[in-house]
Novice: 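First the structure, then my questions, so here it is.
Position 1 is the first residue of the sequence, and the numbers go up from there.
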Amino acid sequence: MEKSAFNTERTKKRLLGLTAVELKQVALQLGMPAYTGGQIAKWLYEKGVMSIDEMTNLSKRNRELLDAEYCVGAMAPIDCQRSVDGTVKYLFPVRTSAFSDNSENAGKFVETVFIPEDDRATLCVSCQVGCKMNCLFCQTGKQGFEGNLTVADILNQIYALPERDQLTNIVFMGQGEPMDNLDNVLKVTDILTAPDGYAWSPKRITVSSVGLRNKLKRFLDESQCHIAISMHSPLHDQRLSLMPAEKAMGIREVVDLLKQYDFTHQRRCSFEYICFGGLNDTLEHGREIVRLVKGLECRVNLIRFHQIPGINLPNSDLSRIETLRDYLTDNGVFSTIRASRGQDIFAACGLLSTSHKTHSSY
């Protein structure tokens, strides 16, 4: 798209990210029948059109009325990197953020990771530019917080993905803390699971969190999607040294809250656990994890640490991770070792960052 055309599009409101109910309201406001909103929803979420002109069962007049004020609002990634293991990292422009189109956040980007594996294809999406949580081991946290993504900006990572028809699962584990942008994350998951949206099952979607008081409870009450909690240590003082969020809502409080919900059926609860050699990968930590989650149906995903600049945390070798996994599993806590994907393109867990990326066209 030429820059002048792009700037014209920026003055229009985006259809992408609106629910079917909201699209019917758009239709009515423009003098169209309410059912036209349902037609627009199908063009967006079933067919994935990139322009209003493609909505061919709308009359020419209605398309003109719609195009005068609105655009689809999808934006293709402007860059991609491909790993030797098949993982692809995309760089998406952010048209809007928590601020106006003309704010200092114009020109910001987020990274999104596509992970194909056998009969699965998972997309790791971002919900913020940067992150407030500042976890010691995470490159995104070192970027700082630069803005929440809108519903359209989050959804665009799926909508404009070249491999979107291959997707089987989505995880909110990219840049940002989902509970810190909860309204928009919930609306995206609503569109993904609504019959007049993508019509996905909630069990295809996992939302991660460090655990934020009130926000986590609201998510558990309002969504049926899977939840993944970043644990990284079962010990308060140690987790606090790794994750400042422990001060506001400790891991014991998080687990106590989770125990109030039913994860014995299709909805799943998991804990993400990055292993640091000799620091949090001991059998003592295994025993504390078993005590902590006793009575909670869950799994623990053990993850290799991926070194980031300026952070002196030790790597855990595979034998130590396997010993911890076996201990947890033998003591009733199902545990897996997550395969590291995309490390050569800085797409693996904790490595996403767009702090140095700008582009004058956006």
Side-chain angles (χ1 to χ4, degrees), residues 117-118 120 122 135-138 169 171-173 179 203 205-213 216-217 219-220 224-243 245-247 249-306 313-341 348-350:
E117 183 178 12
D118 299 328
R120 291 170 59 93
T122 301
C135 296
L136 181 62
F137 46 83
C138 180
N169 299 84
V171 294
F172 285 76
M173 297 182 182
M179 301 302 146
K203 67 182 181 180
I205 304 167
T206 301
V207 179
S208 69
S209 180
V210 299
L212 297 184
R213 186 176 285 111
L216 179 58
K217 184 179 189 308
F219 172 80
L220 292 168
Q224 286 301 307
C225 296
H226 300 318
I227 183 69
I229 298 295
S230 298
M231 180 188 291
H232 310 308
S233 176
L235 307 175
H236 170 75
D237 288 344
Q238 186 176 64
R239 189 171 188 259
L240 180 61
S241 70
L242 296 169
M243 305 171 64
E246 168 74 9
K247 184 176 182 180
M249 189 176 189
I251 190 61
R252 292 191 179 279
E253 184 180 352
V254 170
V255 172
D256 286 344
L257 175 63
L258 292 169
K259 287 179 179 179
Q260 299 174 29
Y261 294 83
D262 184 5
F263 295 103
T264 61
H265 299 291
Q266 291 191 359
R267 194 181 195 188
R268 188 172 66 237
C269 172
S270 60
F271 293 93
E272 308 300 291
Y273 198 95
I274 295 177
C275 294
F276 307 107
L279 186 67
N280 71 341
D281 61 350
T282 69
L283 289 182
E284 177 189 353
H285 288 87
R287 287 190 287 270
E288 288 300 322
I289 293 171
V290 171
R291 290 192 191 103
L292 178 65
V293 303
K294 185 177 180 181
L296 176 65
E297 185 73 22
C298 65
R299 66 177 63 190
V300 175
N301 297 317
L302 303 176
I303 306 167
R304 287 182 53 209
F305 173 54
H306 304 106
L313 285 169
N315 289 305
S316 182
D317 61 50
L318 182 58
S319 64
R320 293 182 69 96
I321 300 175
E322 288 176 337
T323 298
L324 180 58
R325 176 201 61 193
D326 294 344
Y327 177 85
L328 292 174
T329 300
D330 290 345
N331 285 274
V333 180
F334 180 64
S335 180
T336 63
I337 300 174
R338 179 180 292 171
S340 181
R341 299 290 301 272
C349 181

Novice: Flag the pair V300 / F334 as yes when at least one side-chain heavy-atom distance between them is below 4.5 Å, and no otherwise.
Specialist: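 No, their side chains stay 4.5 Å or more apart.
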
Novice: State which residues pass side chain to side chain contact (heavy atoms under 4.5 Å, CB included) with I229; sequence neighbours excluded, sorted by chain then number.
Specialist: S209, L216, I227, I251, V254, L258, F271

Novice: When you compare the side chain of V207 with that of M179, does any pair of heavy atoms fall below 4.5 Å?
Specialist: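 M179 vs V207: side chains touch.
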
Novice: Grab the two heavy atoms, one from A228 and one from M173, that are nearest each other, plus how far apart they are.
Specialist: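 Looking at all heavy atoms of both residues, the closest pair is CB-CE, 3.7 Å.
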
Novice: Where do L292 and K259 come nearest, in terms of heavy atoms and distance?
Specialist: O-NZ, 3.3 Å

Novice: Listed by chain and number, what are the salt bridge (Lys or Arg N to Asp or Glu O under 4.0 Å) partners of K203, not counting sequence neighbours?
Specialist: none

Novice: Please check if the side chain of R267 supplies one atom and the backbone of C225 the other of a donor-acceptor pair under 3.5 Å.
Specialist: yes

Novice: Within this structure, what is the CE-CD1 distance for the pair M243 and I274, rounded to the nearest 0.5 Å?
Specialist: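 One gets 9.0 Å once the value is rounded to the nearest 0.5 Å.
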
Novice: List for me each residue that meets ring-ring contact (aromatic ring centres under 6.0 Å, His included) alongside F276, sequence neighbours excluded, and say none if there are none.
Specialist: F137, F305

Novice: Please list all pairs meeting salt bridge (charged side-chain N to carboxylate O under 4.0 Å, His left out) that have one or both residues in residues 225-235, counting only residues at least two apart or in different chains.
Specialist: none

Novice: Please enumerate all residues that pass salt bridge (Lys or Arg N to Asp or Glu O under 4.0 Å) together with R252, with sequence neighbours excluded.
Specialist: E288

Novice: Name all residues meeting the side chain to side chain contact (heavy atoms under 4.5 Å, CB included) criterion together with E284; count only those two or more places apart in sequence or in a different chain, and write none if there are none.
Specialist: T282, R287

Novice: Please list all pairs passing the salt bridge (charged side-chain N to carboxylate O under 4.0 Å, His left out) test where one or both residues lie in residues 313-330, with sequence neighbours left out.
Specialist: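 Every pair satisfying salt bridge (charged side-chain N to carboxylate O under 4.0 Å, His left out) with a residue in residues 313-330: D281-R320.
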
Novice: Between N315 and G277 (side chain of the first, backbone of the second, donor and acceptor by atom type, cut-off under 3.5 Å), is there such a pair?
Specialist: no

Novice: Given side-chain contact (heavy atoms from CB on, under 4.5 Å), test V171 with T122 step by step and report yes or no.
Specialist: CA-CA 7 Å; V171 294; T122 301; 3.9 Å; yes

Novice: First locate atom NE2 of H232, then atom SG of C135, and finally report the distance between them rounded to the nearest 0.5 Å.
Specialist: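 So the gap between those two atoms works out to 6.5 Å.
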
Novice: Would you tell me whether Q238 and H285 have side-chain atoms, one donor and one acceptor, within less than 3.5 Å of each other?
Specialist: yes

Novice: Looking only at heavy atoms, which two atoms of L302 and I321 are closest? And how far apart?
Specialist: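 Minimum heavy-atom separation between L302 and I321: CD1-O, 3.6 Å.
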
Novice: Could you pull out the closest heavy-atom pair between V210 and A245, with the gap in Å?
Specialist: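 Scanning both residues, the minimum pair turns out to be CG2-CB, 3.6 Å.
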
Novice: Nearest 0.5 Å, what's the CD-CG distance between Q260 and L296?
Specialist: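 Nearest 0.5 Å value for the CD-CG distance: 11.0 Å.
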
Novice: Would you please name every residue forming a salt bridge (Lys or Arg N to Asp or Glu O under 4.0 Å) with R213, sequence neighbours left out?
Specialist: E253

Novice: Among pairs that include at least one residue of residues 271-280, which meet salt bridge (charged side-chain N to carboxylate O under 4.0 Å, His left out), considering only residues two or more places apart or in two chains?
Specialist: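 Pairs touching residues 271-280 that pass the test: E272-R338.
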
Novice: Any chance you could measure N280, atom CG, to Y273, atom OH, to the nearest 0.5 Å?
Specialist: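 If we round to the nearest 0.5 Å, N280:CG and Y273:OH are 4.0 Å apart.
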
Novice: For K217 and Y261, which heavy atoms make the closest approach, and how far apart are they?
Specialist: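 Smallest interatomic distance, heavy atoms only, reads CG-OH, 3.5 Å.
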
Novice: Side-chain contact, heavy-atom cut-off 4.5 Å: Y327 with I289?
Specialist: no

Novice: Going by side chain to side chain contact (heavy atoms under 4.5 Å, CB included), name the residues that satisfy it together with D262, two or more places apart in sequence or in a different chain.
Specialist: T264, H265

Novice: In chain order, what residues pass the side chain to side chain contact (heavy atoms under 4.5 Å, CB included) check against T323, with sequence neighbours excluded?
Specialist: L283

Novice: Would you find a donor on one side and an acceptor on the other, under 3.5 Å apart, between the side chain of N301 and the backbone of I337?
Specialist: no

Novice: Tell me every residue that passes side chain to side chain donor-acceptor pair (under 3.5 Å) with S270, counting only those two or more places apart in sequence or in another chain.
Specialist: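 So S270 forms no side chain to side chain donor-acceptor pair (under 3.5 Å) with any residue.
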
Novice: Between S230 and R239, what is the shortest heavy-atom contact and its length?
Specialist: O-NH2, 2.6 Å

Novice: Using 0.5 Å steps for rounding, measure from the CD1 atom of I303 to the OG atom of S316.
Specialist: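 Going from the CD1 atom of I303 to the OG atom of S316 covers 12.5 Å.
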
Novice: I'd like to check T206 versus R268 (side-chain heavy atoms, cut-off strictly below 4.5 Å). Are they in contact?
Specialist: yes

